[in-house]
Protein chains: 2
Amino acid sequence: MDVKVNTAGCDMGHMRIGELAERTGTARRLLRYYEEQGLIAACRAANGYREYDERMVDRVLQIRGLLDAGLPTRIIKQILPCLDSPRVIHFSDATPEMIATLEVERDRMTQRILCLTRNRDAIAAYLEEVRGDG
Amino acid sequence: MDVKVNTAGCDMGHMRIGELAERTGTARRLLRYYEEQGLIAACRAANGYREYDERMVDRVLQIRGLLDAGLPTRIIKQILPCLDSPRVIHFSDATPEMIATLEVERDRMTQRILCLTRNRDAIAAYLEEVRGDG
DNA sequence: TCGAACGTTCACATGGATGTGAAGGTCAAC
DNA sequence: GTTGACCTTCACATCCATGTGAACGTTCGA
C-alpha cells in the first residue's frame, strides 16, 4: 500500500516554494512564516527544499483570506482544521474549548461583515450621488 | 446667528476624553491617537482639555468598526468625510483622486465581505455538523 | 488645603504581519 | 566549471494599532 497524501502535503506534487508563492501571490518569506506559525506544513526533499502539493494553493489562499479578514494567525491555526475537506475526519478535534472559540469567532465575523457592509454601502451611495450630480 | 456645531464637535456638549473613552469602550490613549491620525478632532477648553459632543460617540464607534474590519487609519481618514451625515456638505471634497480611492476601497471591501462570509459560513456549517452528531 | 481623579505631552515598548538582505547550498544549462 | 536561478537559515527593519509610564497641570470634594 503506497502512501499518497499526508497533512504536510508530501509525496504528490513537487511544487517548491517559488511556484507556490507565484501561484498564490504570496511572498516566499510569508509562506515560511505561515509554516513557522503552524498554518501550513511542508515536507523536505533530500536537499532540504520544501515541497508542496496542489492542495496547498487553496489552503494558502484561504489563509490569506482569513488574515485579510482580520483574524490573527493563532486563531486561523485553530479554525483551519475544521475547514478542511473532507470534513468528517476532523470531528476528533472538536473539544468544547474549540467549539467555543469557533462560536466566538463566527460571531465576530458576522459583526465584521455587518460593519463592512454598512460602510461599503455608504461609500457606494456616496459614489452614486457624486456620479449623479457631481 | 449662534454657532452650534462644527467639524471638531465643539460648543455643544462638554464631554471630556474620559467620558468619551468610557462610552465608546476605547482607551483614552487611542482617542488621542485617532486625533493625531486626523480621524477625529476636538477643540480645547480654556485649560487645554479636549471637548467633544455627542456625535463623537458614533463617530468613534464607526472608526473602531472600520479598524476592526481591517482598514488602516489612513484609509479611514479618507473615507470618513464621505460617510458623514448630512452628506450634501461634502461634495466639494469629491476630487477625481478621491473618487478613485473610494471606488478601489469599495471593491476591496466587497471582496473582504465575500471572503469573510464564505469562511464564516464554513465555520457555521462545521458547528452545525458537530452539534448534530458530535 | 490636601488628595484623588482627571487631564496634558512626550516617549519608549510590544506584538503581529511583513520587507529585506546577508551568507551560503543546490542544480540545470551552457 | 562557472553562471544564474532557485533554495536554505538567520536576523534585523518597518508599519500600525496599541500598551505603558513618567512628569506635570487642573478640578473638585472632604
Side-chain angles (χ1 to χ4, degrees), chain A residues 8-10 13-52 56 59-80 105 108 112 115, chain B residues 8-10 13-52 56 59-80 105 108 112 115:
Chain A
C10 304
H14 297 279
M15 199 186 341
R16 282 175 307 181
I17 201 170
E19 185 180 346
L20 185 58
E22 196 174 354
R23 290 178 58 185
T24 58
T26 306
R28 280 162 252 251
R29 168 73 178 83
L30 290 183
L31 294 174
R32 299 195 189 100
Y33 174 68
Y34 299 155
E35 178 176 333
E36 188 181 309
Q37 301 303 310
L39 272 63
I40 60 180
C43 51
R44 302 307 183 101
N47 54 16
Y49 288 14
R50 290 172 178 82
E51 295 206 331
Y52 307 94
M56 271 301 154
R59 190 175 176 100
V60 169
L61 289 176
Q62 184 171 33
I63 289 169
R64 302 234 72 192
L66 289 167
L67 276 175
D68 197 52
L71 305 201
T73 49
R74 73 168 200 289
I75 298 292
I76 298 179
K77 181 181 176 179
Q78 287 188 289
I79 72 181
L80 258 189
E105 220 51 47
R108 290 171 64 86
R112 252 187 261 259
C115 174
Chain B
C10 304
H14 297 279
M15 198 184 345
R16 282 175 307 182
I17 201 169
E19 185 178 346
L20 184 58
E22 196 173 354
R23 290 178 59 184
T24 58
T26 306
R28 280 161 252 253
R29 168 72 179 84
L30 290 183
L31 293 175
R32 299 196 190 99
Y33 173 68
Y34 299 155
E35 178 175 335
E36 188 181 308
Q37 301 302 311
L39 272 61
I40 59 180
C43 51
R44 303 308 184 101
N47 54 15
Y49 287 13
R50 289 170 177 82
E51 294 206 332
Y52 307 93
M56 271 301 154
R59 189 175 177 100
V60 170
L61 290 177
Q62 184 172 34
I63 289 169
R64 304 234 71 193
L66 289 168
L67 276 175
D68 198 51
L71 304 200
T73 50
R74 72 168 200 289
I75 297 292
I76 297 179
K77 179 181 177 180
Q78 286 188 289
I79 70 181
L80 259 188
E105 218 51 45
R108 290 170 65 86
R112 248 188 262 261
C115 173

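The sequence lines fix the lettering, A, B, ..., with proteins before strands; numbering per chain opens at 1. Atom set for the values below is all heavy atoms of this structure, side chains included, hydrogens, waters and symmetry mates excluded.
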Are B:Ile17 and B:Tyr52 close enough that some pair of their side-chain heavy atoms sits under 4.5 Å apart? yes

Heavy-atom distance under 4.5 Å between the side chains of A:Leu71 and A:Ile79, does that happen here? yes

[X] has an atom [atom1]; how far is it from atom [atom2] of [N], in whole Å?
X: A:Ile17; N: D:dC6; atom1: CD1; atom2: P; value: 13 Å
X: B:Asp68; N: D:dC16; atom1: CG; atom2: P; value: 18 Å
X: A:Glu36; N: D:dT9; atom1: CD; atom2: P; value: 10 Å
X: B:His14; N: D:dT27; atom1: NE2; atom2: P; value: 14 Å
X: B:Ile75; N: D:dA17; atom1: CD1; atom2: P; value: 11 Å
X: A:Leu31; N: D:dC6; atom1: CG; atom2: P; value: 15 Å
X: B:Glu51; N: C:dG7; atom1: CD; atom2: P; value: 11 Å
X: A:Glu19; N: D:dC6; atom1: CD; atom2: P; value: 11 Å

If the cut-off is 4.0 Å, is [X] near the phosphate of [N], judged by side-chain N/O to OP1 or OP2?
X: A:Arg44; N: C:dT26; result: no
X: B:Asn47; N: D:dG25; result: no
X: A:Arg50; N: D:dC7; result: no

Nucleotide by nucleotide, nucleotides 13-25 of chain C touches protein heavy atoms under 4.0 Å in the pattern (B base, S sugar-phosphate only, - none) ---SBBBB----B

Crowded around A:Glu19 CD? As in, over 12 foreign heavy atoms under 6.0 Å? yes

B:Arg59 side chain to B:Leu80 backbone, donor-acceptor under 3.5 Å: no

Basic-acidic side-chain contact under 4.0 Å: A:Glu105, A:Arg108: yes

Reckon B:Arg28 touches a base, only the sugar-phosphate, or nothing at all at heavy-atom distances under 4.0 Å? sugar-phosphate

Pairwise 5' ranking along DNA chain D for A:Gly48 and B:Ala46, keeping only the more 5' one: A:Gly48

Partners meeting side chain to side chain donor-acceptor pair (under 3.5 Å) with B:Thr24 (sequence neighbours left out): B:Thr26

Could you give the side-chain donor-acceptor pairs of residues 29-36 of chain B under 3.5 Å, partners two or more places apart or in another chain?
residue, atom, partner, partner atom, Å
B:Tyr34, OH, B:Arg64, NE, 3.3
B:Tyr34, OH, B:Arg64, NH2, 3.4
B:Glu35, OE1, B:Arg50, NE, 2.7

